[in-house]
Visitor: 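Sharing a structure, written as structure tokens. Questions coming.
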Amino acid sequence: MNFFDSGEIIENDTNFVFFGIPWDDLTSIEKTDSSKSPQKIRKITENLALTTEMGFEIPKLKFIDAGNVLIDPNNTERNILEIDDFVKSLFDKKKDIIPVMVGGDHFCTYPVIKAIGDSIRNPKKLGVLILDAHLDLYEKYQESVYSHATVSHLIHSLDFISNKNLLIIGTRDIDIPELKIAKTNDITYFNSYMLHDVGVISFTEKIIEFFEKSDIEDIYISIDIDALDPSIAPGTGYAIPGGFTYREVWKILREVTKNVNIIGFDIVEVSPSLDLPNNITLNVAAKIIVELMYFILSSKGVEKNAR
Ligand SMILES: [Mn+2]
């Protein structure tokens with residue numbers, strides 16, 4: 001059974017809309033092919049068990065697969081508009097759907113968050129939580145404002161985002177210009193080491209506190225796979241040691257989801273060609289998607305089947 005082969009049309013009871021953005025032309029690393037990961041992640045779910053770790057039956061998750069956004073590798077401006085249209089059309093069909101995007105490089109996150117901000121009632125109450133080894137705060141990278149290394153900068157520039165509702169966690173490979181931009185704009189980031197220093201429970205409490213202080217109602221979560229340690233997620237362009245374990249990410253997501261409303265999430269920068277032959281990175285990405293959908297559904301009190 002292909003896990004994401006569960007329908008393509010948004011119905012009255014649809015909670016989650018999975019879609020792919022097969023676009024990796026704004027990465028700075030050669031040999032990455034994250035554009036292939038939406039299709040690969042669909043495929044890998046054929047081999048996953050049909051229950052979550054806590055024993056919830058996955059077919060009870062109400063999701064559909066809306067397919068991939070049409071991407072023209074040579075036309076950045078057009079792709080941004082295509083993504084905007086695609087995401088807005090999902091909300092036009094049902095106001096409370098939760099988009100689940102698989103990239104692509106990290107740049108894909110920017111047009112998705114912009115479209116969500118335009119589609120929800122109160123974008124000023126939207127928080128963005130980014131898991132990433134990097135700050136991605138460059139103003140320009142390789143002479144372009146559009147890059148996977150400028151994505152946090154672009155998100156921060158959105159009129160409904162400020163240093164009060166943007167939080168980056170898992171950092172451990174920050175360039176000097178980014179460090180300066182983070183300081184100047186007072187952007188909060190929790191580096192990866194902090195989790196080991198304070199423990200996962202306290203670390204997660206600090207994340208929740210950050211958003212509570214800013215009076216945030218909804219959160220979008222963007223997961224750059226390189227936030228995880230390359231020993232568990234080697235299939236990505238930047239293999240930086242000292243990242244989160246799968247279990248730490250699982251626990252962070254579980255606790256955050258209990259405390260704040262998640263209105264969408266993504267997983268980006270998974271490069272199948274750099275993965276191990278047993279597809280460990282694709283498996284990690286697929287598991288995170290499934291477990292996070294389940295956490296979100298649990299937080300809404302919809303399911304009664306969890307142990
Ligand atoms: Mn990134």
Side-chain angles (χ1 to χ4, degrees), residues 20-38 41 76 79-80 83 100-114 127-142 144-158 161 166-179 181-182 185 187-192 207 219-230 232-244 249 252-253 264-272 274-275 281 284-285 288-289 292:
I21 304 183
W23 186 22
D24 57 15
D25 299 283
L26 299 177
T27 179
S28 54
I29 290 215
E30 282 178 48
K31 291 181 187 156
T32 52
D33 60 349
S34 59
S35 61
K36 297 207 172 72
S37 95
I41 285 177
T76 301
N79 292 340
I80 291 173
I83 296 167
V100 178
M101 183 271 277
V102 173
D105 67 55
H106 211 160
F107 181 81
C108 299
T109 301
Y110 165 67
V112 171
I113 291 179
K114 189 172 181 300
V128 174
L129 173 64
I130 299 176
L131 285 72
D132 201 319
H134 307 91
L135 286 177
D136 294 346
L137 271 178
Y138 274 97
E139 207 167 345
K140 276 187 170 186
Y141 198 77
Q142 292 165 344
S144 174
V145 290
Y146 296 139
S147 160
H148 74 156
T150 64
V151 66
S152 302
H153 196 106
L154 288 164
I155 292 166
H156 181 252
S157 329
L158 290 166
I161 300 291
L166 172 67
L167 175 63
I168 306 169
I169 64 167
T171 51
R172 56 197 191 277
D173 188 32
I174 300 172
D175 282 338
I176 291 169
E178 298 179 289
L179 202 57
I181 290 168
N185 295 286
I187 290 169
T188 307
Y189 57 95
F190 299 162
N191 62 41
S192 187
I207 297 168
I219 287 193
Y220 182 90
I221 300 179
S222 177
I223 303 167
D224 186 323
I225 199 75
D226 73 15
L228 285 107
D229 194 77
I232 177 82
T236 193
Y238 289 96
I240 311 295
F244 299 143
V249 169
I252 291 168
L253 296 175
F265 69 90
D266 67 51
I267 295 207
V268 295
E269 300 283 350
V270 175
S271 279
L274 298 172
D275 207 357
T281 315
V284 166
I288 289 174
I289 292 169
L292 183 49

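All ligand and atom numbering here is 1-based and tracks the order in the structure. By convention here, the first residue in the shown sequence is residue 1.
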Visitor: Would you please say whether a donor-acceptor pair under 3.5 Å links the side chains of S157 and Y110?
Guide: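 Absent: no donor and acceptor within the cut-off.
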
Visitor: Quick one: which of I83, I80, V268 gives a side-chain contact (heavy atoms from CB on, under 4.5 Å) with F107?
Guide: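 Exactly one candidate clears the test, I80.
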
Visitor: Is the backbone of I225 close enough, under 3.5 Å, to the side chain of E269 for a donor and an acceptor to pair up by distance?
Guide: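 No: the side chain of E269 does not pair with the backbone of I225.
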
Visitor: Would you check if the side chain of D105 reaches a backbone N or O of H148 as a donor-acceptor pair within less than 3.5 Å?
Guide: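 Checking the backbone N and O of H148 against the side chain of D105, no donor-acceptor pair under 3.5 Å is found.
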
Visitor: Among T236, L131, V249, exactly one meets side-chain contact (heavy atoms from CB on, under 4.5 Å) together with L228. Which residue is that?
Guide: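 So, applying the side-chain contact (heavy atoms from CB on, under 4.5 Å) to L228 and each of T236, L131, V249, only V249 qualifies.
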
Visitor: Using 2.8 Å as the cut-off, note every protein N, O or S atom close to the Mn ion (ligand 1).
Guide: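 Near the Mn ion (ligand 1), the protein supplies H106 ND1, D132 OD2, D136 OD2, D224 OD2.
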
Visitor: Is T32 reaching over with its side chain to a backbone N or O of S34, donor-acceptor style, under 3.5 angstrom?
Guide: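 Checking the backbone N and O of S34 against the side chain of T32, no donor-acceptor pair under 3.5 Å is found.
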
